[in-house]
Visitor: 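Input: one structure, supplied below.
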Amino acid sequence: MEPTEADLIAAVLRGETAKFEPLVGKYSPRVFATARRYARRESEVEDIAQEVWAKAFQKLASYRGEAPFEHWLMRLTVRTCYDFLRAHQRNREKNFSELSDAEGDWLDRCVKQPESIEEDAEAARQLVNRILEQLSPQARLVITLLEIEDKSVKEIANLTGWSVPLVKVRAFRARAQMRKILLKIAKDKYL
Amino acid sequence: MNVVDLEKKLIRVARQNRPSDNVPYAFEKRIIAFLRPLPTPDCWGLWAGALWRAAVPCLALMLILTAWSLAPGWKSSTSDSLSQDMDNTVLAAIDQEQATELPE
């Protein structure tokens with residue numbers, strides 16, 4: 001009979017570090033998928049994942065077992081990703097550089113044929129990533145969680161540790177910030 | 001261009017492109033190696049090590065002092081005994097005081 005998560009956690013807390021390995025193996029895919037939303041380079045993604053697991057190990061005693069371990073871990077992951085965004089804030093491109101040909105073509109098609117946007121999703125994905133990189137860490141986190149991952153305001157508050165009104169305010173500001181960037185792109189391209 | 005529409009489309013594209021959940025090979029092994037606590041220090045071992053390290057300088061000091069005490073020039077003092085030397089040293093201040101008071 002395989003040990004339960006609670007058994008594994010109790011064993012780790014008793015000092016059996018090796019019992020942490022099944023937990024790392026089970027939840028790393030989710031940690032990596034989340035980290036890849038915020039970091040571009042694979043080395044950065046691995047650094048985030050490693051930091052998440054190091055924090056999880058150090059703070060394991062604070063996990064009370066009231067909620068599933070996965071929820072507790074995802075809170076830690078989101079907060080680590082936010083710390084990463086804040087730490088790398090200065091490295092963000094200050095100005096939106098020229099659109100690539102593929103991105104420009106996608107934008108043209110988007111304007112001319114609003115219904116068909118499925119073609120060349122790679123260009124669209126690159127454009128989205130570049131826009132997200134222009135956002136402040138708070139705005140990027142809120143847009144990613146609220147709009148892309150489709151989480152509720154309450155879930156975001158739980159994940160980030162912000163209050164519900166604060167999440168709403170930050171979501172409003174994030175959308176405004178995103179529209180401003182889009183307007184700038186449109187202005188540069190079409191005016 | 002309608003910015004709100006464009007924003008919605010971009011969000012839709014972002015939703016469709018879920019990031020990969022691939023984990024590097026043996027990542028969990030690496031994490032466990034990283035997390036494995038350092039061996040706890042053995043207090044008796046540390047104490048024994050310190051003693052062994054101190055033994056060599058102590059021995060060297062002892063040999064130097066022995067050699068110095070056995071050296072031919074060691075008894076350079078003119079007095080007969082160590083106790084006499086000690087008395088002279090301790091009482092030197094009093095002797096000097098008496099010597100200065102005598103002329104009066």
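Residue numbers begin at 1 in each chain, while the letters A, B, ... track the order of the sequences. Note that the structure is a prediction, hence the values are computed from the model and not measured.
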Visitor: Start with the C-alpha gap between Leu10(B) and Leu182(A), add the side-chain angles, then the distance that decides, and say whether side-chain contact (heavy atoms from CB on, under 4.5 Å) holds.
Guide: CA-CA 10 Å; Leu10(B) 285 168; Leu182(A) 289 173; 3.4 Å; yes
Visitor: List the atom pairs, with distances to 0.1 Å, where a side-chain N or O of residues 164-175 of chain A and a protein N or O form a donor-acceptor pair under 3.5 Å, not counting sequence neighbours.
Guide:
residue, atom, partner, partner atom, Å
Arg175(A), NE, Glu147(A), OE2, 2.7
Arg175(A), NH2, Glu147(A), OE2, 3.1

Visitor: Under 4.5 Å between side-chain heavy atoms, counting indirect links through other Ile/Leu/Val/Met/Phe/Trp/Tyr residues: same cluster for Leu51(B) and Trp44(B) or not?
Guide: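 Yes, one cluster joins them.
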Visitor: For residues 60-68 of chain A, give me every residue with a non-hydrogen atom less than 4.5 Å from any non-hydrogen atom of chain B.
Guide: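 Counting heavy atoms that sit under 4.5 Å from chain B, no residue of residues 60-68 of chain A is involved.
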Visitor: Suppose the criterion is ring pair (Phe, Tyr, Trp, His ring centres under 6.0 Å): which pairs have a residue in residues 131-150 of chain A, not counting sequence neighbours?
Guide: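 Residue pairs passing ring pair (Phe, Tyr, Trp, His ring centres under 6.0 Å), neighbours aside: none found.
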Visitor: Taking all non-hydrogen atoms of both residues into account, name the closest pair between Val13(B) and Arg125(A) and its distance.
Guide: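 Heavy atoms of Val13(B) and Arg125(A) come nearest at CG1-N, 3.8 Å.
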Visitor: Which heavy atom in Ile32(B) sits nearest to a heavy atom in Ala18(A), and how many Å separate them?
Guide: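 Nearest heavy atoms, Ile32(B) then Ala18(A): CG2-CA, 4.5 Å.
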Visitor: From Ile31(B) CD1 over to Trp53(A) CH2, what is the distance, rounded to the nearest 0.5 angstrom?
Guide: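 Between Ile31(B) CD1 and Trp53(A) CH2, I get 8.5 Å after rounding to 0.5 Å.
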Visitor: Looking at chain B, which one of Ala54(A), Ala35(A), Ser28(A) has the largest number of heavy-atom pairs inside 4.5 Å, strictly under?
Guide: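 Max contact count across the listed options: Ser28(A).
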Visitor: Tell me the residues of residues 18-29 of chain B whose non-hydrogen atoms fall below 4.5 Å from those of chain A, in number order.
Guide: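 From residues 18-29 of chain B, the residues near chain A are Arg18(B), Pro19(B), Ser20(B), Asp21(B), Asn22(B), Val23(B), Pro24(B), Phe27(B), Glu28(B), Lys29(B).
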Visitor: Is it the case that one hydrophobic cluster holds both Leu59(B) and Leu65(B), taking links as side-chain heavy atoms less than 4.5 Å apart, direct or via other members?
Guide: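 Different hydrophobic clusters.
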Visitor: Side chain, backbone, both or neither: which part of Ile143(A) has a non-hydrogen atom closer than 4.5 Å to chain B?
Guide: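 Contact with chain B is through the side chain of Ile143(A) alone.
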